[in-house]
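Report on one structure; see the data block that follows.
In each ligand, atom 1 is the first atom listed, and ligand 1 is the first ligand listed. These values consider heavy atoms only, across backbone and side chains, with no hydrogens, waters or symmetry-generated copies. Along the sequence shown, the residues carry numbers beginning at 1. Everything numeric in this text was worked out from a predicted model, so none of it was measured.
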Amino acid sequence: MKILRTVTELRNWSRALRLETEPETQLDTRLETRGAGAKIGLVPTMGALHAGHASLIRAAAARCNAVAVSIFVNPTQFGPSEDFASYPRTFQADCTLAEAQGATVIFAPAVEELYPAGASTFVEVEALSTRLDGLSRPGHLRGVATVVAKLFIAAEADLAFFGQKDAAQVAVLRRMVIDLRLGTEIVVCPIVREADGLALSSRNIYLTSEERVRALTLSRVIHHAEGLVAGGQRRSQVVVEAAREMLAAEPSLRVDYIELVNWASLEPAEFVGSGTLFAIAAWVGNTRLIDNTVFE
Ligand code: AMP
């Protein structure tokens with residue numbers, strides 16, 4: 001499988017594919033319609049790929065003629081005391097997994113390729129990027145929006161695939177695509193979980209076996225909240241309080257946030273309705289985990 005290292009290579013790959021398969025008459029409008037010829041899919045990741053990423057690549061391969069998987073540990077979305085340096089990097093295994101799931105190319109740029117010396121342009125989705133993870137990880141969602149904007153501009157993809165697991169990120173990126181008229185459609189895929197409920201995450205490898213057991217509280221809380229709402233409970237305060245009690249019963253967990261919000265605005269929701277996001281973040285030892293569910 002081809003490994004592309006520069007923005008120019010990625011752009012040329014995407015444009016060549018489109019020219020190959022698109023009738024000439026449609027070329028003039030190609031940037032606006034994008035869907036007319038070969039459908040190009042993009043799956044942005046930071047590597048250390050697992051079954052959650054695999055599900056995104058499969059979804060992309062099912063809907064697109066060609067799929068680029070980006071592997072880039074993005075420095076601007078890490079805080080100064082976070083795990084940028086120690087974030088797991090498993091490039092060879094990632095390439096094997098991506099290819100097996102239907103990726104056409106890997107885009108793996110160096111940091112200087114996406115952030116040239118003196119880089120000072122950032123994408124800030126106001127209000128949204130200071131909610132949920134953006135509140136406890138200042139600058140995180142700005143870093144995510146910035147790198148995804150760069151990837152979208154370089155790849156000129158029709159569709160880009162993201163996991164519901166990072167629900168605040170999805171809200172920010174949806175807003176960014178609308179505001180910047182980026183022309184890439186965001187497709188959100190369900191959270192992939194271990195058999196016992198733990199949401200897959202590249203950071204799960206940081207957990208000791210004892211912490212791994214404690215981490216299950218997060219998915220239990222999500223499941224409990226789903227049960228309350230299925231049983232007719234609509235008051236957010238009641239759902240959040242129940243979640244808080246369950247998390248408090250596991251003293252080794254430190255809650256970052258428990259929130260019911262409108263998934264589009266990330267503003268608190270007083271009542272649970274269609275499109276309400278129930279999201280939690282908690283520290284298990286030194287590892288911060290997130291989980292969520294969206295009510296229909
Ligand atoms: P990351 O490599 O952690 O930046 O994640 C890359 C993409 O994979 C993001 O869109 C994540 O939401 C998605 N992802 C991570 N974990 C899961 C999961 N357990 N299920 C589905 N998608 C996931």
Side-chain angles (χ1 to χ4, degrees), residues 41-63 67-79 82-84 86-91 93-95 97-98 101-103 106-109 111 114 132-134 137 140-152 155 157 159-174 176-177 184-207 212 215-216 218-219 222-223 263 277 279-281 287-294:
L42 173 69
V43 182
T45 81
M46 295 207 299
L49 302 185
H50 51 62
H53 301 108
S55 75
L56 304 188
I57 301 169
R58 279 199 305 279
R63 291 189 57 184
V67 177
V69 173
S70 65
I71 296 179
F72 180 68
V73 185
N74 173 37
T76 63
Q77 69 187 72
F78 289 79
E82 292 184 350
D83 56 345
F84 173 70
S86 58
Y87 195 83
R89 287 161 171 88
T90 57
F91 188 67
D94 292 349
C95 292
L97 180 148
Q101 303 301 322
I106 296 286
F107 177 53
V111 169
L114 287 192
L132 301 183
D133 308 281
R137 301 180 67 190
H140 169 67
L141 290 172
R142 177 195 198 236
V144 170
T146 300
V147 78
V148 172
K150 287 170 190 262
L151 292 171
F152 279 17
L159 303 172
F161 296 77
F162 294 89
Q164 182 193 310
K165 162 98 188 318
D166 295 86
Q169 166 177 304
V170 166
V172 162
L173 297 178
R174 280 176 168 156
M176 177 185 83
V177 163
T184 297
E185 186 188 327
I186 289 184
V187 181
V188 181
C189 301
I191 301 176
V192 175
R193 298 177 179 282
E194 304 274 14
D196 58 9
L198 184 69
L200 290 179
S201 162
S202 304
R203 290 190 168 98
N204 287 352
I205 61 153
Y206 297 153
L207 300 170
R212 168 113 188 22
L216 287 175
L218 272 82
S219 52
I222 295 292
H223 193 64
W263 195 11
L277 166 72
I280 56 181
T287 308
R288 183 177 173 280
L289 299 177
I290 56 175
D291 205 342
N292 71 76
T293 187
V294 175

Inset, instruction - List every atom of ligand 1 that sits less than 4.0 Å from any heavy atom of F162, numbering the atoms from 1 in the order shown and giving each element. - result: 10 (O)
Legend entry - Ligand-side contact atoms (ligand 1) for residue partner T45, heavy atom cut-off under 4.0 Å: 2 (O), 6 (C)
What's the shortest heavy-atom distance between [X] and [Y], and which atoms?
| X | Y | value |
| --- | --- | --- |
| W263 | Q164 | CH2-CG, 4.0 Å |
| S202 | Y87 | CB-OH, 3.2 Å |
| I186 | V177 | CD1-CG2, 3.8 Å |

Inset, instruction - Determine, using heavy atoms of P44 and all atoms of ligand 1, whether some pair is separated by less than 4.0 Å. - result: yes
Legend entry - contact_flag P190 ligand 1 heavy-atom lt 4.0 Å: yes
What's the shortest distance from [atom] to any protein heavy atom, and which residue and atom give it?
| atom | value |
| --- | --- |
| atom 20 (N) of ligand 1 | V192 N, 2.8 Å |
| atom 15 (C) of ligand 1 | H50 CE1, 3.9 Å |
| atom 10 (O) of ligand 1 | G163 N, 2.9 Å |
| atom 1 (P) of ligand 1 | H53 NE2, 3.7 Å |

Could you say whether the N/O atoms of [X] and ligand 1 ever approach to under 3.5 Å?
| X | answer |
| --- | --- |
| L200 | yes |
| I191 | no |
| D166 | yes |
| S202 | no |

Legend entry - L151 side, atom CG; N74 side, atom CG - distance, nearest 0.5 Å: 8.5 Å
Legend entry - 4.5 Å side-chain heavy-atom contact, D196 and L216: yes
Legend entry - 4.5 Å side-chain heavy-atom contact, Q169 and D133: no
Legend entry - Heavy-atom donor-acceptor pair, N292 side chain to K165 backbone, under 3.5 Å: yes
Inset, instruction - Taking only Lys NZ, Arg NE, NH1 and NH2, and the carboxylate oxygens of Asp or Glu, determine whether D83 and R288 approach each other closer than 4.0 Å. - result: no
Inset, instruction - Begin from the C-alpha positions of L207 and L289 and carry the test side chain to side chain contact (heavy atoms under 4.5 Å, CB included) through to its verdict. - result: CA-CA 10 Å; L207 300 170; L289 299 177; 4.2 Å; yes
Legend entry - Q169, M46, Q77: member with heavy atom nearest to atom 4 (O) of ligand 1: M46
Legend entry - L56 contact mode with ligand 1 (heavy-atom cut-off under 4.0 Å): side chain
